[in-house]
Structure formats: structure tokens, C-alpha cells
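Notes to accompany the following structure.
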Amino acid sequence: MTKGRLIAVVGPSGVGKDSVMQGVAEVMPKLHLVRRVITRAPGLGGEDYDAVSEAQFQDLVSDGAFAVHWGAHGLFYGIPQTVRYQLNKGTDCLANFSRKALQAGANAFPNFVVMNITAEPETLAARLAARGRESEADIARRLAEATKPLPTGLDVITLSNDGPLNQTIARAARLLHPVSV
């Protein structure tokens with residue numbers, strides 16, 4: 001049996017990673033959506049996640065509970081080791097990742113693919129402003145980060161999310177499984 005792929009989804013703030021991932025999981029029911037562990041208060045919307053304190057997170061790191069973990073934007077994120085069960089069954093797994101953790105992900109998972117979701121700066125700026133969570137200065141910083149390159153040597157699928165979400169989801173499904181979809 002072929003082992004499943006860990007598909008690491010990355011993209012700048014406001015690009016719609018959570019919406020795309022949820023939509024892809026709905027149209028590709030055999031795909032497993034990875035539930036991350038995050039040092040964030042529970043129930044803040046976006047993705048489903050397991051909320052833990054920083055102390056709990058560090059205990060989990062010490063216990064080897066994560067296949068990959070990283071810190072970003074004042075929070076800590078972990079991909080649980082349990083994802084390996086799905087991968088070993090041959091199930092492709094979709095996980096929200098950080099660019100800074102991609103090399104660690106490639107080292108941890110033999111079948112590692114990056115789905116890099118992009119959008120035009122105007123699209124990102126409008127989405128960030130609509131969220132109402134960031135100041136204009138924060139939005140400018142996030143837009144500047146949006147153009148940072150990915151590490152070299154990775155298997156990367158690039159997906160634009162400038163148009164209607166349903167079209168982006170359909171393109172993602174075709175890119176992930178071009179023969180079966």
C-alpha cells in the first residue's frame with residue numbers, strides 16, 4: 001500500500017487557507033483534515049483546533065506528541081504524531097502549515113507536498129481589512145510578508161484564490177488528484 005501524502009497548506013494572511021481547506025475536504029471526502037494543536041483560546045473561529053496553554057504545549061513537545069511544531073505570531077502550533085496513522089493507511093492529509101516549518105515537514109514526512117495558496121495584493125488587503133482584526137500598519141506588514149519565497153527543493157502546487165471560492169476549490173481538487181477528479 002502506498003503511504004498517503006502530507007499536504008501542507010501555506011499562504012499569506014487573508015488568502016483564505018481555512019476556507020479552501022474546508023471546501024477541499026468537503027469535495028474530497030477521503031482526504032483527512034488535520035486538526036492542529038494551538039496555544040490559542042478555544043472557539044475563535046476559522047479552523048477547528050485543539051486549544052492548549054503554553055505550558056501544556058511545552059509538555060506535549062517534551063512528550064514527543066508532535067511530528068512538527070513551530071511558533072508564529074506569538075502562538076505555538078503543532079501537527080500531532082497521530083497524523084502518521086492516517087498516512088500509513090494511505091490517506092492523504094491536509095494540514096495548515098507555516099512557511100517557516102516547511103523544511104521540518106519535508107524532513108518528517110516522506111510524501112510531503114506543499115499547496116501554496118496565493119492571491120493578488122489587492123485581494124489580500126481587502127480581505128484583511130474586512131476581517132477588522134488588523135490595523136493598517138499590521139495589514140501593510142502582512143502584505144510585505146506575503147511575497148516571501150518558499151524554501152527551495154520542495155514539491156509545490158501553487159493555487160490562486162482571487163476568484164470565487166467554489167472555483168478555487170475545484171482547481172485544488174484537480175491539482176491534488178488530476179486523474180480521479
Side-chain angles (χ1 to χ4, degrees), residues 1-117 131 133-134 138 141-142 145-146 148-157 159 172 175-177:
M1 174 183 292
T2 304
K3 291 192 178 194
R5 298 174 294 173
L6 193 292
I7 303 162
V9 178
V10 296
S13 294
V15 80
K17 291 183 296 289
D18 293 329
S19 297
V20 171
M21 289 175 65
Q22 188 61 47
V24 168
E26 288 171 11
V27 299
M28 299 176 71
K30 292 182 181 180
L31 191 73
H32 174 74
L33 199 54
V34 175
R35 187 176 173 110
R36 298 189 298 176
V37 175
I38 307 175
T39 58
R40 175 189 297 160
L44 292 181
E47 70 180 291
D48 286 331
Y49 58 94
D50 292 325
V52 297
S53 69
E54 282 192 38
Q56 290 170 313
F57 191 90
Q58 293 309 322
D59 287 344
L60 290 167
V61 169
S62 296
D63 292 343
F66 300 124
V68 180
H69 62 91
W70 65 92
H73 309 293
L75 300 172
F76 293 99
Y77 302 82
I79 304 295
Q81 289 284 7
T82 54
V83 72
R84 294 183 191 283
Y85 172 76
Q86 295 292 335
L87 294 169
N88 288 334
K89 288 190 336 182
T91 303
D92 284 346
C93 297
L94 201 60
N96 193 331
F97 250 74
S98 168
R99 282 180 258 190
K100 68 165 59 175
L102 288 175
Q103 193 57 60
N107 294 340
F109 301 105
N111 294 333
F112 188 76
V113 177
V114 178
M115 178 175 281
N116 182 33
I117 303 177
R131 288 195 318 197
R133 295 191 308 223
E134 292 95 359
D138 290 335
R141 273 194 298 280
R142 290 188 181 271
E145 288 179 21
K148 288 184 179 176
L150 298 178
T152 59
L154 299 173
D155 183 3
V156 178
I157 297 168
L159 176 69
L175 289 167
L176 290 173
H177 290 288

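Excluded from the calculations below are hydrogen atoms, water molecules and symmetry mates; all remaining heavy atoms, backbone and side chain alike, are included. Numbering of residues begins at 1 and proceeds along the displayed sequence.
- From Arg84, atom CZ reaches atom CD of Gln86 across 13.5 Å, with rounding to the nearest 0.5 Å.
- From Tyr49, atom OH reaches atom CG of Asn96 across 12.5 Å, with rounding to the nearest 0.5 Å.
- The closest donor-acceptor contact from the side chain of Asp92 to the backbone of Arg5 lies under 3.5 Å.
- To the nearest 0.5 Å, atoms NE2 (His177) and CE (Met28) are separated by 3.5 Å.
- Of the residues Ile117, Asn116, Val9, Val113, the one that meets the side-chain contact (heavy atoms from CB on, under 4.5 Å) test with Ile157 is Val113.
- Not less than 6.0 angstrom separates the ring centroid of Phe66 from the ring centroid of Phe76.
- In this structure, Ala108 and Val68 approach most closely via the heavy-atom pair CB-CG2, 3.8 Å.
- Exactly one of Ile38, Leu75, Val52 qualifies for a side-chain contact (heavy atoms from CB on, under 4.5 Å) with Phe57. That residue is Val52.
- The CG atom of Asn107 sits 9.0 Å away from the CZ atom of Phe112 when rounded to the nearest 0.5 Å.
- For the atom pair Leu87 CG and His32 NE2, the distance stands at 8.5 Å (nearest 0.5 Å).
- Closest heavy-atom contact between Met115 and Ala172: CE-CB, 4.0 Å.
- The two atoms that bring Lys30 and Thr91 nearest to each other are O-CG2, 3.3 Å, heavy atoms only.
- For Ile79 against Ala95, the heavy-atom pair with the smallest separation is CD1-CB, 4.0 Å.
- Between Asp50 and Arg35 a salt bridge is recorded (basic side-chain N to carboxylate O distance below 4.0 Å).
- Of the residues listed (Val34, Val24, Val20), the one engaging Leu94 in a side-chain contact (heavy atoms from CB on, under 4.5 Å) is Val24, and it is the only one.
- Residues Asn88 and Lys3 share a closest heavy-atom pair of OD1-NZ, 3.1 Å.
- Residues Gln56 and Thr39 fail the side-chain proximity criterion, which asks for heavy atoms closer than 4.5 Å.
- In this view, Phe109 satisfies the ring-ring contact (aromatic ring centres under 6.0 Å, His included) rule with no residue, not counting sequence neighbours.
- We find the CG-SG distance between Asn111 and Cys93 to be 11.0 Å, quoted to the nearest 0.5 Å.
- Side chain of Lys17 to backbone of Phe97: no donor-acceptor contact under 3.5 angstrom is found.
- Nearest heavy atoms, Arg142 versus Ser13: NH1-OG, 2.5 Å.
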